[in-house]
A.B. asks: 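After the structure tokens below, expect a handful of questions from me.
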Amino acid sequence: MELRHLRYFCAVADWNGFNRAARALHTSQSSISAQIRDLEQEIGVKLLNRTQSQVSLTSAGERFLEESRKVVAAADRAVDIAQRTARGEIGSLTIGFLIWGTGAFFPGIIRGFRQLHPGVQLSLMEMLSRAQPEALLNGSIDIGFTRPLEPPYDSQLRSELLYTDPVVAVLPADHRLAGGPLRLHDLANERFVVCDRNIAPTFFDKITSLCAQAGFSPNIVQTSNLVSSVLTLVEAGEGITLLPSGLQHSRFSDLSFCPLIDPGAASI
């Protein structure tokens, strides 16, 4: 039994005749009539009473119409779901993100995507930058917001630069240098608290490189695998740190985020 036969049969019932059904479906009356005759022959049941003046449903046709509508509606829904899935409007999307690599724009992107594609189920996973490339390759996540890719992943994955994040110095609010722009050289004698290199190798190397360009090697007294811990240690007076500017939106009231004048600190 073809779906087309059911559509024609429903149309004849809806339009109370072959002529109007043919006009609605942009086909010929003879074509519809032939299709419905084929349907009746296939199922072995008379569905329509035909006279020169009108067409009416038989009792069997009335019940058959009810079920036919369900089949046609289900088929239409299946087509719609397939098309919307192909366009990325429904389905699921798993996003990995590095909280200190997404800046303030990430929540807005998620809200905007949900408004545009309410049928897509989003799963958000906070992941370190070093874990995201493997997660993308093995299918654990569909997209990642992270730091620039390093070899060999830069040739295995496709990436796009969304924005660059200036490096800022983070000092206790009562620090003598707090409150304004400064040069990295001004921090040469300070104690540094930074993220562990095993967790954030790119940024750790960025810190040591910037300090070297400023003429000193940072006195790293503590490391942590969590950015929140680094900020807590700075707030407690254990040292100062360098971080992407996007983290100045963190809720640490006793910290001062100071822009760096050094040219090399323009982005990360």
A.B. asks: Is L157 reachable from I143 through a run of I, L, V, M, F, W or Y residues, each pair having side-chain heavy atoms under 4.5 Å apart?
C.D. replies: no
A.B. asks: Could you tell me whether the side chain of D154 reaches within less than 4.5 Å of the side chain of P151, counting heavy atoms only?
C.D. replies: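 Contact flag for P151/D154 side chains = yes.
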A.B. asks: Check each of T58, V12, L39 against L48 using the side chain to side chain contact (heavy atoms under 4.5 Å, CB included) test, and report the only one that passes.
C.D. replies: V12
A.B. asks: Tell me whether D165 contacts the main-chain N or O of S245 through its side chain, where contact means a donor paired with an acceptor under 3.5 Å.
C.D. replies: yes
A.B. asks: For K46 and A60, which heavy atoms make the closest approach, and how far apart are they?
C.D. replies: O-CB, 4.2 Å
A.B. asks: Any salt bridge between D76 and R7, counting N to O under 4.0 Å?
C.D. replies: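 Yes, charged N to carboxylate O under 4.0 Å.
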A.B. asks: Do K206 and L210 pass the side chain to side chain contact (heavy atoms under 4.5 Å, CB included) test, and can you show the C-alpha distance, the side-chain angles, and the key distance before you say yes or no?
C.D. replies: CA-CA 6 Å; K206 177 73 172 182; L210 285 173; 3.9 Å; yes
A.B. asks: Main chain of F145, side chain of Q132: is a donor-acceptor contact present, judged purely on distance under 3.5 Å?
C.D. replies: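 Yes, because the side chain of Q132 sits within donor-acceptor range (under 3.5 Å) of the backbone of F145.
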A.B. asks: Using the rule that two of Ile, Leu, Val, Met, Phe, Trp, Tyr join whenever any of their side-chain heavy atoms come within less than 4.5 Å, decide whether L57 and W15 are in one cluster.
C.D. replies: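 Different hydrophobic clusters.
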A.B. asks: Counting N and O atoms only, with roles assigned by atom type, does the side chain of S155 sit under 3.5 Å from a partner on the main chain of P152, one being a donor and the other an acceptor?
C.D. replies: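 Indeed, once roles are kept as given, a pair shorter than 3.5 Å links the two residues.
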A.B. asks: Do side-chain atoms of D142 reach the backbone of T94 as a donor and acceptor pair under 3.5 angstrom?
C.D. replies: yes
A.B. asks: Answer yes if F257 and I261 sit in the same cluster of Ile, Leu, Val, Met, Phe, Trp and Tyr residues linked by side chain heavy atoms under 4.5 Å apart, and no otherwise.
C.D. replies: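 Shared cluster, no.
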A.B. asks: Please confirm whether the backbone N or O of L47 pairs with a side-chain atom of E40, one donor and one acceptor, at under 3.5 Å?
C.D. replies: yes
A.B. asks: Report yes if some heavy atom in the side chain of V170 is under 4.5 Å from a heavy atom in the side chain of L231; otherwise report no.
C.D. replies: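 In contact.
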A.B. asks: Keeping T232 on the side-chain end and S228 on the backbone end, is there a donor-acceptor pair under 3.5 Å?
C.D. replies: yes
A.B. asks: What do the steps show when you test D205 against R197 for salt bridge (Lys or Arg N to Asp or Glu O under 4.0 Å), and what is the final call?
C.D. replies: CA-CA 8 Å; D205 293 345; R197 191 179 187 281; 2.7 Å; yes
A.B. asks: Within the structure provided, determine whether E2 and E42 are in side-chain contact (heavy-atom separation under 4.5 Å).
C.D. replies: no
A.B. asks: Hey, what do you get for CG (L65) to CD (E62), rounding to the nearest 0.5 Å?
C.D. replies: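 L65 CG to E62 CD: 8.5 Å, rounded to 0.5 Å.
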A.B. asks: For R50, look at atom CZ and say whether over 12 heavy atoms of other residues, nucleotides or ligands are found less than 6.0 Å away.
C.D. replies: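 Enclosed.
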A.B. asks: Under a 4.5 Å side-chain heavy-atom rule over Ile, Leu, Val, Met, Phe, Trp and Tyr, are L3 and I43 clustered together?
C.D. replies: yes
A.B. asks: Using a 6.0 Å cut-off, check whether atom CD of Q121 has over 12 heavy atoms from anything other than its own residue.
C.D. replies: no
A.B. asks: Quick one: which residue pairs count as a ring pair (Phe, Tyr, Trp, His ring centres under 6.0 Å) with a foot in residues 31-77, not counting sequence neighbours?
C.D. replies: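 Qualifying pairs, neighbours excluded: F9-F64.
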A.B. asks: With clusters defined by side-chain heavy atoms of hydrophobic residues (ILVMFWY) lying less than 4.5 Å apart, directly or transitively, does I95 cluster with L137?
C.D. replies: no
A.B. asks: Quick check for you: to the nearest 0.5 Å, what is the distance between D14 atom CG and R20 atom CZ?
C.D. replies: 11.0 Å
A.B. asks: Quick one, M127 and L98 - any side-chain contact, counting heavy atoms below 4.5 Å?
C.D. replies: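 No, their side chains stay 4.5 Å or more apart.
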A.B. asks: Hey, could you give me each pair passing ring pair (Phe, Tyr, Trp, His ring centres under 6.0 Å) that has a residue in residues 215-236? Not counting sequence neighbours.
C.D. replies: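 Listed once each, the pairs would be none.
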A.B. asks: For R87, does the CZ atom have more than 12 heavy-atom neighbours from other residues, nucleotides or ligands under 6.0 Å away?
C.D. replies: yes
A.B. asks: Name all pairs fulfilling the side-chain hydrogen bond (donor to acceptor under 3.5 Å, both in side chains) condition that reach into residues 169-190, sequence neighbours left out, sorted by first residue then second.
C.D. replies: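 As it turns out, the side-chain hydrogen bond (donor to acceptor under 3.5 Å, both in side chains) pairs with a partner in residues 169-190, which skip direct neighbours, are H175-E190, R176-E190.
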A.B. asks: Between R69 and C10 (side chain of the first, backbone of the second, donor and acceptor by atom type, cut-off under 3.5 Å), is there such a pair?
C.D. replies: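 Checking the backbone N and O of C10 against the side chain of R69, no donor-acceptor pair under 3.5 Å is found.
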A.B. asks: How far apart are the C-alpha atoms of R37 and S33, what are their side-chain angles, what is the distance that settles it, and do they pass the side chain to side chain donor-acceptor pair (under 3.5 Å) test?
C.D. replies: CA-CA 6 Å; R37 278 197 302 270; S33 181; 2.8 Å; yes
A.B. asks: Do L182 and L260 have side chains that approach each other closer than 4.5 Å (heavy atoms only, starting at C-beta)?
C.D. replies: yes
A.B. asks: Tell me whether S129 contacts the main-chain N or O of R147 through its side chain, where contact means a donor paired with an acceptor under 3.5 Å.
C.D. replies: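 No; judged by distance alone, with no hydrogens or angles, the pair does not exist.
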A.B. asks: Could you check whether any side-chain N or O of D196 sits under 3.5 Å from a backbone N or O of T223, counting only pairs where one atom can act as donor and the other as acceptor?
C.D. replies: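 No, D196 side chain to T223 backbone: no donor-acceptor pair under 3.5 Å.
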A.B. asks: Taking C-beta and beyond as the side chain, do F203 and V194 meet within less than 4.5 Å on heavy atoms?
C.D. replies: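 No, every pair of side-chain atoms sits at 4.5 Å or beyond.
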A.B. asks: Between D38 and R4, does the salt bridge (Lys or Arg N to Asp or Glu O under 4.0 Å) criterion hold? Intermediate values first, please.
C.D. replies: CA-CA 11 Å; D38 289 343; R4 178 179 53 182; over 6 Å; no
A.B. asks: Taking the side chain as everything from C-beta on, heavy atoms only, tell me whether L243 gets closer than 4.5 Å to V227.
C.D. replies: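 Contact flag for L243/V227 side chains = yes.
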A.B. asks: With a 4.5 Å limit on heavy-atom distance, are the side chains of L226 and I199 in contact?
C.D. replies: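 Not in contact.
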